[in-house]
Amino acid sequence: MKNLSFQRKFLSTLMGGLFLATTSLVHSQEYPTRPVSIVVPFSAGGPTDAVARLLAVPMTKFLGQTVLVENTVGAGGTIASNRVAKSPKDGYMVLFHHIGISTAPALYSKLPYDTLNDFEYIGQVVNAPMTLIGRKNLPANNFKELLAYIQTNKDKVTLANAGPGAVSQLCGMLFTSQVGVALTQVPYKGTGPAITDILGGQVDLLCDQTTNTLTYIRSDKVKLYGVTTTQRLSSLPEVPTLNEQGLKGFQVVAWHGMYVSKGTPQPVLDKLNAALKNALNDPDVRSRLKDLNVEIAKPEDVTPASLKHQVESEVKKWAPIIKASGAYVE
Ligand code: ASP
């Protein structure tokens, strides 16, 4: 008798489990049935935001549901990463982040999420080169003059960034350590507000993605001192790299990826990957990004395996560099 009731209980638990698994499979195959959010870790009007908004248009068409962009700003992108890491495992909240996801573990003494274990990877997205720009009325007209200006105005010169963990901060950190001068850093919640202050002359320098800076460089609203890639940029062939101008080995490229929370079902991951691939093949997206000198990830890199590998190797690469620099957020 006792045995019979145990068997009944066991069977009903088994059936319940099977029912739940089947329902979640059916749901994940129907995905998406409501709007999907792309969470951007920086303010609206910045380069990460700009690329996300560009991708949201073809992704909306492909998924048949509105893809919205939400800006969850602060703490160099870690608030957004944590939000997505803790979100339901259903694919309705997608993180669009850059290289900062891999520098944060070395920069922050405590992170409320586990970078390597709390996400599912969708794929790499774009690689954006960066530029060192200054306010228009900065007296230095080229890199050589900038170095001299920095030496004589050490205590005055300010360098904007989008917070500890932002790629602009990383670039600024490499710049100041190679130049050997600790400039005053001015943190913002994204490039949007940082550029506003460069344009207004409230802050002196910023190292940021071409996605945003190119427009102001082309319209002569800012000064340009160099590019952060090892090769000159096709859109600015006359502008020397920082490496060429004496900062040996200087290279920062803002690579970007898409993530969802760990445990999101495979059919949802596959659909998001297909939507991303489709968006990166969209002719409007391609021509817009080309115009901004932003490189689209190679098809073989728009994959979960490639992004996973990228994050893991970049976490390893930046940890000792950041440690040596002393940049650390308690
Ligand atoms: N470019 C920024 C950074 O420095 C963030 C942004 O996209 O606004 O990380």
Side-chain angles (χ1 to χ4, degrees), residues 38-56 69-81 83-84 94-108 115 124-134 158-176 183 185-199 203-217 222 224 227-229 242 250-259 288-289 292-295 311 314 318 322 325 327 329:
I38 298 183
V39 176
V40 168
F42 301 101
S43 322
T48 316
D49 178 76
V51 176
R53 284 176 201 276
L54 210 55
L55 297 174
V69 173
E70 283 184 47
N71 303 84
T72 300
V73 303
T78 58
I79 295 176
S81 301
R83 183 173 173 218
V84 175
V94 178
L95 176 68
F96 180 55
H97 202 344
H98 58 37
I99 180 174
I101 197 164
S102 62
T103 53
L107 273 167
Y108 288 82
T115 308
Q124 294 202 48
V125 184
V126 291
N127 302 311
M130 303 182 70
T131 46
L132 179 65
I133 59 166
T158 51
L159 177 58
N161 67 50
V167 65
S168 44
Q169 190 235 6
L170 182 65
C171 185
M173 192 174 88
L174 293 179
F175 173 70
T176 50
L183 299 177
Q185 307 263 348
V186 186
Y188 292 82
K189 291 197 161 120
T191 299
I195 289 247
T196 305
D197 275 8
I198 286 271
L199 295 175
V203 66
D204 297 324
L205 296 166
L206 170 69
C207 178
D208 218 282
Q209 287 107 300
T210 51
T211 331
N212 259 59
T213 60
L214 215 49
T215 311
Y216 303 107
I217 292 167
V222 293
L224 172 60
V227 299
T228 68
T229 41
L242 292 175
F250 198 101
Q251 188 191 16
V252 190
V253 174
W255 56 267
H256 296 65
M258 264 188 191
Y259 312 79
R288 197 71 199 104
L289 290 175
L292 296 169
N293 220 129
V294 175
E295 177 195 270
V311 174
E314 289 277 287
W318 290 108
I322 292 169
S325 78
V329 183

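Side-chain atoms are counted along with the backbone in the values below, which use heavy atoms only and exclude waters and symmetry mates. Everything numeric here is computed off the predicted structure, so don't read it as measured data. Indexing begins at 1, ligand by ligand and atom by atom, following the structure's order.
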Test your reading of the structure: does [X] have an N or O sitting under 3.5 Å from an N or O of ligand 1?
{"X": "S168", "answer": "yes"}
{"X": "D49", "answer": "no"}
{"X": "T191", "answer": "yes"}
{"X": "A162", "answer": "no"}

If the cut-off is 4.0 Å to any non-hydrogen atom of [X], which atoms of ligand 1 fall inside it?
{"X": "Q209", "result": "1 (N), 2 (C)"}
{"X": "D208", "result": "1 (N), 2 (C), 4 (O)"}
{"X": "G190", "result": "8 (O)"}

Could you tell me if any non-hydrogen atom of G100 lies under 4.0 Å from any atom of ligand 1? no

H98 near ligand 1, heavy-atom distance under 4.0 Å? yes

Give the residue and atom name of whichever protein heavy atom lies nearest to atom 7 (O) of ligand 1, and the separation in Å to one decimal. T48 OG1, 2.5 Å

Nearest 0.5 Å, please: how far is [atom2] in [Y] from [atom1] in [X]?
{"X": "Y108", "Y": "I322", "atom1": "OH", "atom2": "CD1", "value": "10.5 Å"}
{"X": "L214", "Y": "D208", "atom1": "CG", "atom2": "CG", "value": "12.0 Å"}
{"X": "T191", "Y": "M130", "atom1": "OG1", "atom2": "CE", "value": "7.0 Å"}
{"X": "W318", "Y": "M173", "atom1": "CH2", "atom2": "CE", "value": "7.0 Å"}

Exactly one candidate in L95, T72, V73 meets side chain to side chain contact (heavy atoms under 4.5 Å, CB included) with P41; the answer is L95

Report the C-alpha separation of T228 and L132 in whole Å, then their side-chain angles, then the decisive distance to 0.1 Å, and conclude whether the side-chain contact (heavy atoms from CB on, under 4.5 Å) test is met. CA-CA 8 Å; T228 68; L132 179 65; 5.8 Å; no

According to salt bridge (charged side-chain N to carboxylate O under 4.0 Å, His left out), who are the partners of E295, at least two apart in sequence or on a separate chain? none

